[in-house]
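Not measured: the values here are computed from a predicted model. Start at 1 and go down the list; that is how both ligands and their atoms are numbered.
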Amino acid sequence: MSKEYQNYVNGKWTNAKSKAIRDIRDPGNGELVAAVPECQKEDIALAIDAAREAFDHGPWRKLTAQDRGKILFKIAEGIRAKSKDLAELEVRNCGKPLAEAEFDVADAANCFEFYGGLATKIHGETMQVPANSLSFVLREPIGVCGQIIPWNYPLLMAAWKLAPALAAGNTCVLKPSELTPLTALELGEILMRVELYPGVVNIVTGPGTGAGEELSANSKVDKVAFTGGTVTGRKVMTAATSNLKKISLELGGKNPNIVFANADLEAAIDGALFGAFANQGEVCSAGSRLLVEKSIHKKIVDGMLQKIPKIKLGHGLTSGVKMGPLISAAHREKVESYIKIGIEEGAKLVCGGKRPTGKEFASGNFLEPTIFDHVKPNMRIAREEIFGPVLSVISFETEEEAIRIANDTEYGLAAAVWTRDVNRAIRVVQQIRAGITWVNTYHPTFNELPWGGYKQSGIGRELGLYGIEEYLETKQVNINLDEAPIGWY
Ligand code: NDP
């Protein structure tokens, strides 16, 4: 039976002013999972008012950091207590395999715990200035934060946004993707149970056009944090100029995964497949460009082709499944259009490229893991973010050429290097223009480390100490220790 959700506003489940409802269907079999309000501007504005009131007049930001931290710990516990249900719901809403969803849910709990601990470590500093003055710096919350998240990691992205904002004492309005609002709404249930003060977090569902736009533009919002595509990120940034909001953007990538001949090739082959196909390739940091040294090119491609049959396609709740459906029929069509482009551009399709056949695939948005070989760096499939299970393999001959190709992109989110030569690894990492780099591994993500991109992959950083900085204002305080008049006039 499908569940009907309301908005979580001002500490209560509330009916939306907008009477429109959106059916949420399982992308793996088309079954109806839930119905959610399809809110527009007016409902977002009400949620913003609640967050404004909670920030300006509520107890949240006056709470001790210890107390805020304890509430975040309780949220982490609440997520863990419901982890099985949350993981299954995540699969039914966004399609990923269960093991990946379980990992995301555990990581979301860890994220609240990490920032719960960090709440008590926010501190300013004192400065020596050329005057008889006690001068110091205070860190304070920014205010009302509008947070817009995508469909590929719904609960985890909610955690990445809410946890640091709350630890710093802000209030929030979270808008999940209209395609994947369910685990964020279940998080609302947990927030109610830990008795978070009304209005501190508000979760409102609705489309980007309308709901998302209002959150970016409304002048009562002090900061907007967005994760999603670069095109939408640019729109959010433009709308945020209305009152010059603080802004952080985590956007797309066309990430190079560079394999040198002296790497552990077995490990590199594993890493190349995981980098490209984890979460169906619907990952901003996916290693969608595989740069391979010419002398081992054939070995790497053959090695990947040998392992591809192990990537079992199917509904994410089916045992042994390693790749689920894409998020929507429209998104699958977009990815397929790139496969067509790749063929037309003259790249060699060496596997995949089709929808799998069979009864179990008939009602889902499935697409085979796809590899293009002999891709040239100027082809569109090597330059544009496809955001699906499509890997482009590109050859290089020298370290300099690998670095040049790796950096020849408007993006700068992630990159990886596979080599046993530690000097080479460091040399390459130092020259790569990207915010996240891996050596002899792909994809590990830690709450402790900053996450974000160079160039058009974004502005600011999430996670770690850097993540909380994005939610803090900086205030200087000068206390004059000379009580006499300054005698200027
Ligand atoms: P979007 O970037 O459009 O969506 C991300 C979030 O922004 C969603 O909550 C969306 O709402 C919201 N949004 C959409 N339009 C606006 C707007 N004008 N103002 C404010 N918020 C808005 O991603 P798409 O789903 O359209 O995917 C398009 C492409 O973006 C993908 O193919 C992929 O290349 C990239 N992408 C990158 C992600 C990343 O992690 N870096 C994540 C998702 C997508 P709603 O879903 O309700 O429209």
Around [atom], find the nearest protein heavy atom and jot down its residue, atom name and distance.
| atom | answer |
| --- | --- |
| atom 39 (C) of ligand 1 | C284 CB, 3.5 Å |
| atom 21 (N) of ligand 1 | G212 CA, 3.6 Å |
| atom 43 (C) of ligand 1 | P150 CB, 3.5 Å |
| atom 38 (C) of ligand 1 | F387 CZ, 3.3 Å |
| atom 30 (O) of ligand 1 | G229 CA, 3.2 Å |
| atom 12 (C) of ligand 1 | I148 CG2, 3.6 Å |
| atom 16 (C) of ligand 1 | T232 CG2, 3.3 Å |
| atom 8 (C) of ligand 1 | I149 O, 3.4 Å |

Margin query: Looking at R80 and E113, is there a salt bridge between them, counting it only when a charged N and a carboxylate O are closer than 4.0 Å?
Written below: yes

Could you tell me whether some N/O pair between [X] and ligand 1 is separated by less than 3.5 angstrom?
| X | value |
| --- | --- |
| G228 | yes |
| P207 | no |
| G208 | yes |
| E385 | yes |

Notebook entry, point to check: Any heavy atom of G206 sitting closer than 4.0 Å to ligand 1?
Noted result: yes

Check: Is there a salt bridge (Lys or Arg N to Asp or Glu O under 4.0 Å) between E189 and K82 once you walk through the steps?
Finding: CA-CA 11 Å; E189 198 73 51; K82 281 178 68 165; 5.7 Å; no

Check: Taking D222 as the fixed residue, which of K245, K246, R52 is the one that meets the side-chain hydrogen bond (donor to acceptor under 3.5 Å, both in side chains) rule?
Finding: R52

Location of contacts on [X] toward ligand 1, heavy atoms closer than 4.0 Å:
| X | value |
| --- | --- |
| K334 | side chain |
| N152 | side chain |
| S216 | side chain |
| Y153 | neither |

Item checked: Neighbour count >12 (heavy atoms, 6.0 Å) for atom NZ, K41 -> no

Item checked: From the candidates K175, H331, R234, E214, the one that places a heavy atom nearest atom 11 (O) of ligand 1 -> K175

Check: Within a strict 4.5 Å, meaning less than it, do heavy atoms of the I386 and K254 side chains meet?
Finding: yes

Note to self: Contact between K175 and T205 at the side-chain level, heavy atoms closer than 4.5 Å - yes or no?
What the structure shows: no

Margin query: If you apply the rule side chain to side chain donor-acceptor pair (under 3.5 Å), what do you find for T227 with K161, and how did you get there?
Written below: CA-CA 9 Å; T227 298; K161 293 280 180 285; 2.7 Å; yes

Check: Do you see a protein non-hydrogen atom under 4.0 Å from atom 34 (O) of ligand 1?
Finding: yes

Note to self: Any protein heavy atom at under 4.0 Å, with atom 26 (O) of ligand 1 as the reference point?
What the structure shows: no

Next item on the list: Please round to the nearest 0.5 Å and tell me the distance separating atom SG of C284 and atom OH of Y153.
Entry: 7.5 Å

Check: Could you state the interatomic distance from CZ (R461) to CD1 (I436), rounded to the nearest 0.5 Å?
Finding: 7.5 Å

Checklist line | Contact atoms of ligand 1, heavy-atom distance to T227 under 4.0 Å | finding: 5 (C), 40 (O)

Checklist line | Under 4.0 Å to a heavy atom of W151 - the qualifying atoms of ligand 1, by number | finding: 24 (P), 25 (O), 27 (O)

Notebook entry, point to check: Does the ring of F55 carry R61 above it, NZ/CZ under 6.0 angstrom from centre and within 45° of its axis?
Noted result: yes

Check: With a distance cut-off below 6.0 Å to the six-membered ring centre and an angular limit of 45° from the axis, does K223 pair with Y471 as a cation-pi contact?
Finding: yes

Check: Is the backbone of K348 close enough, under 3.5 Å, to the side chain of D373 for a donor and an acceptor to pair up by distance?
Finding: no

Next item on the list: Kindly say whether I381 contributes a backbone atom to a donor-acceptor pair with the side chain of E384 at under 3.5 angstrom?
Entry: no

